[in-house]
Amino acid sequence: MPGRLADSLLHDESSNLETLIFCSQTLRSKVQRDFEELPAGAFRSLQDSLYVLLKKFNKGPAKVRTQICIAIAALAVHIPVEDWGAGGIVNWLSDEMKAHPEFIPGFLELLIVLPQETSSYKIAARPERRRQFESDLCTSANVAISLLTACMAIDQLKEQVLEGFSSWLRFCRGISASELASHPLVHMALSSLNSDQFLEAAVNVTSELIHATVSHGSGTTAEQLPLIQILVPHIMGLNEQLKDQSKDEEDVKAIARLYADMGESYVDLIAAGSDDSIQIVNALLDVTSHQEFDICSMTFNFWHRLKRNLIRRESYVSYGSEVAIEAERNRRLLMFRPKFESLVSLVSSRVEYPEDYHTFSEEDRRDFRHVRYAVSDVLLDATDVLGGDSTLKVLSTKLAQAYGSCNTQQNPKWQPVEAALFCIQAIAKSVSLEEREILPQVMSMLPCLPHNEQLLLTVCSTIGSFSKWIDAAPAESSILPPLVDILNKGMSTSEDTAAAASMAFKYICEDCRRKFAGSLDGLFQIYHIAISGVGGYKVSSEDSLHLVEALSVVITTLPPESARTALELICQPVINPLQELIHQGDQILQQIPARQLTVHIDRLSSIFSNVKHPEVVAEAVNRYWPTLKIIFDQRAWDTRTMESVCRSCKFAVRTCGRAMGMTIGAMLEEIQTLYQQHKQSCFLYLSSEVIKIFGSDPSCADYLTNLIQILFSHTVQLLRTIQDFTARPDIADDCYLLGSRCIRYCPNLFVPTEMFQRLVDCAMAGITIQHREACKSILSFLSDVFDLPNSSDGGNYREFINTIVLQRGATLTRIMIAALTGALPSGRLEEVSYVLLSLSRAFGENMLNWARESINLIPPQALTDAERLRFLNIISDAASGSSLHTITDRFGEISDVCRRNKTVQDLVQSALRPHDLTFTVVPQQLS
């Protein structure tokens, strides 16, 4: 709806509420985004109309009045201070409130909104205008505070006054602590903490006052003490309300938030360990003990910050010598130790499964998982203060109590045992490998626990979490066999327990691999049962990959001959089903679902990736290549199968390297033949892995040159326009990843060729593709091109690259500037900036000329002369060596100017025409 019609309907007395709300939102959006479209001087009538509307809706509807206030605030951002009369909009408001006290509620809401809108990027204002508005508003802060003070005597405006005070405190931190300490608004806010009616608003003010005392530039702690000494006692006086069971939950949340704010903001003072700070910590423990997790968890960030303060060296540098630092650190840790022990006890009970968990919806279950993750983080924080072994001791007490109750009750509850185990496994990485008091008891307890699926899942996870400790345990303890039996049971119980058991089995095999070297028969039996799908295991095909990986890492520890035999044994259950499918004939192989092939090929990938015997794996790859080749030939049209086979070949190349021998040649020949027919992007990705491994090997030069020529020649035929790139982003992504790999690993085979030039031309057509990964690959390729001549071995290619870029520089620069100013999402800013930086450093004055001509295409409605000059200066500074971070920030401001609304953005893009590769703005530079 046009703004004029919306304005008219808002003035119309017959408009209903729905119309008023819709029109007020429309008018607000028009003022925010499209103010520049107004004719010169027309803002006066808009200003007058908004003023009339503010008075009209002074008493509501509230939603409409708020939108009008936001519109006026947006107008204030757009127009200079003098257009509001002497002193700007706040002084104008002051005069209006004095002249028309009957409209104070509306004026007061505008006063609230003004500082909030300074950070709104919905307002399409230039950065310098936004900064000027913020500065003008900040100088008016005292006037605003005075207006709020004058209104505090009106009871019905008290909540608005408090809201306005918090808004201005958040915006402008310039008021001194001593002035605030005696300010009537502060005392009103603190006294309102005991009022149910105004509690929320009072908490907001108090939180902002806390933040003001610790904000950047607020001064020293000593300077802030007058205000801190008033705030803290008032907050601590709310402790009884926090414990009041009859208190409204939202009020309790507000108080808890205030305690958390106090703790986080004053954590440096609290960490010093005075008597007063211990009282604050005790109060925060009370919040942590609250039965509602939403309230309890408000303190978690405080405990994290306190932990960090207590353990980091920077907290103690003022103590001078190392001896004094260590003594103070130990004193503080000793003082806070009981508090963190209490914290561990409090939060560990939060993870217990509710009795009615089976009735939970998926959303409720997700929330419960979130609770467990959050508690795990708190427990890890505690281990940094207490030490892992001491935290384990606290948790083991809970486990012993739960286990004891479990054995004495007729209907034992598994939930407390599971909760204690969950907490213990959460801190596993913090427990020392030498711990011999608690963990042996825990591990011996695991086989004796009651049968329950959820408990078994946590037991399996616990075994996996302590795999390194299990490896370090004395051999005579024979701890491993009963734990493997538990994992076997887990794999047989349910899909969920099988998932946890197979993951734990992987960890056990990784960390205890040498202990398994003499027990391969047992491992192979588990593996064969899981892979074959017969024998009672409930391991999914995805989770079976953990078992494949588990055996693969054990095989790595074996000597080559033994590894060769073991590798054959784990490959057989994988390769045999593939060969059986092949023997059924080409027609069957082409018709079966991809899943029937990929489930086995993915296992082969895991084997090739994790068995670290290059020669042994190379022999297996050579042996199985005929099978893989048949799948390549018969399923080349099937993207999912090809991705799986290429992934398998990729890991084979990574593991075997040059040990692959002749197989690599056959693989490359297969890739380039099939790519010409089926254009699968995974062939390009596999080729980039081959280039990475073999690119610098002179004996492979002929193979690779032919590969590069064929793959790129067919790809550039596919990618001629931006529409082609958009239709095939996977091809574009992997093509330019391959191009970058060629520049880095075998530039001699690529840069001097005609194909390199064609790929640069192709890249120019695709720069503005919206697909994130494809775009990043293209931009990375271009920056690699520009950076190559300045690399250690890149001087030989300078002439080739200069010839190519100088002929295309004007067009390339125009497209990159279009990308910066709106053709690409702002999330690509850093990548685009780096390409412009590389181009500037490589081509200096030429780049500056190209940029000047492109920037001059942008109409004056979008960029002023000063902004054009600033744009050029950024590019000049990039050529002179400014850092990427600095250049990106400066480009970001120009980008924001050109994107400030859709009209401007469209105007810029229409002028730059990023998709027109034939449009030239400057004669080609040939020298």
Would you tell me whether [X] and [Y] have side-chain atoms, one donor and one acceptor, within less than 3.5 Å of each other?
| X | Y | value |
| --- | --- | --- |
| Tyr834 | Asp787 | yes |
| Thr726 | Gln770 | no |
| Arg870 | Asn873 | no |
| Gln757 | Asp761 | no |
| Thr886 | Arg890 | no |

Ignoring hydrogens, what is the shortest heavy-atom contact between [X] and [Y]? Give both atom names and the distance.
| X | Y | value |
| --- | --- | --- |
| Cys775 | Ile767 | SG-O, 3.6 Å |
| Thr118 | Glu134 | O-OE2, 3.4 Å |
| Pro105 | Gln160 | O-NE2, 3.2 Å |
| Cys735 | Thr715 | SG-CG2, 3.5 Å |
| His78 | Val31 | NE2-O, 3.0 Å |
| Leu114 | Leu93 | CD1-CD1, 4.0 Å |

Does [X] reach the main-chain N or O of [Y] with its side chain, forming a donor-acceptor pair under 3.5 Å?
| X | Y | result |
| --- | --- | --- |
| Ser833 | Leu829 | yes |
| Ser681 | Asp734 | no |
| Asn856 | Arg852 | yes |
| Ser854 | Ala851 | no |
| Ser791 | Leu788 | yes |
| Ser895 | Phe891 | no |
| Gln905 | Gly822 | yes |
| Ser882 | Ile887 | no |
| Ser120 | Gln116 | no |
| Thr213 | Ile210 | yes |

Check this for me, if you would: do Asp7 and Arg4 make a salt bridge, where the nitrogen-to-carboxylate-oxygen distance has to be below 4.0 angstrom?
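The answer is no: the pair does not qualify as a salt bridge.
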What I'd like to find out is whether the side chain of [X] reaches to under 4.5 Å of the side chain of [Y], using heavy atoms alone.
| X | Y | value |
| --- | --- | --- |
| Leu169 | Leu180 | yes |
| Arg814 | Leu857 | yes |
| His211 | Ser265 | yes |
| Gln47 | Ile72 | no |
| Leu820 | Phe871 | yes |
| Val785 | Phe756 | yes |
| Glu867 | Glu128 | yes |
| Lys63 | Leu20 | no |

For Thr803 and Gln807, what are the C-alpha separation, side-chain angles and deciding distance, and is it a side-chain contact (heavy atoms from CB on, under 4.5 Å)?
CA-CA 6 Å; Thr803 300; Gln807 292 173 357; 3.8 Å; yes
Considering the options Lys30, Arg129, Arg126, which one meets the salt bridge (charged side-chain N to carboxylate O under 4.0 Å, His left out) requirement together with Glu36?
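By the salt bridge (charged side-chain N to carboxylate O under 4.0 Å, His left out) criterion, Glu36 pairs with just one of Lys30, Arg129, Arg126: Arg126.
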So among Arg130, Arg900, Arg131, which one has a salt bridge (charged side-chain N to carboxylate O under 4.0 Å, His left out) with Glu893?
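Testing Glu893 for a salt bridge (charged side-chain N to carboxylate O under 4.0 Å, His left out) against Arg130, Arg900, Arg131 leaves exactly one candidate, Arg131.
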For Leu779 and Met816: C-alpha separation, side-chain torsions, deciding distance, then whether side-chain contact (heavy atoms from CB on, under 4.5 Å) applies.
CA-CA 10 Å; Leu779 295 176; Met816 290 308 305; 3.8 Å; yes
What distance do [X] atom [atom1] and [Y] atom [atom2] have between them, rounded to the nearest 0.5 Å?
| X | Y | atom1 | atom2 | result |
| --- | --- | --- | --- | --- |
| Ser24 | Leu50 | OG | CG | 11.0 Å |
| Met764 | Leu759 | CE | CG | 12.5 Å |
| Lys902 | Gln909 | NZ | CD | 11.0 Å |
| Ile858 | Thr864 | CD1 | OG1 | 11.0 Å |
| Leu162 | Glu208 | CG | CD | 12.5 Å |
| Leu110 | Arg65 | CG | CZ | 11.0 Å |

Is there a salt bridge (Lys or Arg N to Asp or Glu O under 4.0 Å) between Lys776 and Glu830? Walk through the geometry before answering.
CA-CA 10 Å; Lys776 286 186 175 183; Glu830 185 170 343; over 6 Å; no
Assign the ring pair [X] / [Y] to parallel, tilted or perpendicular, where the plane angle (0 to 90°) is split at 30° and 60°.
| X | Y | value |
| --- | --- | --- |
| Phe843 | Phe786 | perpendicular |
| Trp92 | Phe107 | perpendicular |
| Trp168 | Phe171 | perpendicular |

Derivation of the side-chain hydrogen bond (donor to acceptor under 3.5 Å, both in side chains) call for Thr66 and Glu109
CA-CA 7 Å; Thr66 299; Glu109 179 157 9; 2.4 Å; yes
With a cut-off of 6.0 Å (strictly less than), are more than 12 heavy atoms of other residues, nucleotides or ligands near [atom1] of [X]?
| X | atom1 | value |
| --- | --- | --- |
| Arg170 | CZ | yes |
| Glu82 | CD | yes |
| Gln861 | CD | yes |

Criterion side-chain hydrogen bond (donor to acceptor under 3.5 Å, both in side chains) on Glu853 and Asn849, from CA distance to verdict
CA-CA 6 Å; Glu853 295 299 329; Asn849 290 333; over 6 Å; no
Take Leu27 and Gln67 through the side-chain contact (heavy atoms from CB on, under 4.5 Å) test and state the conclusion after the steps.
CA-CA 8 Å; Leu27 185 60; Gln67 297 304 310; over 6 Å; no
Walk me through whether Asp724 and Leu718 qualify under side-chain contact (heavy atoms from CB on, under 4.5 Å).
CA-CA 7 Å; Asp724 295 335; Leu718 295 174; over 6 Å; no
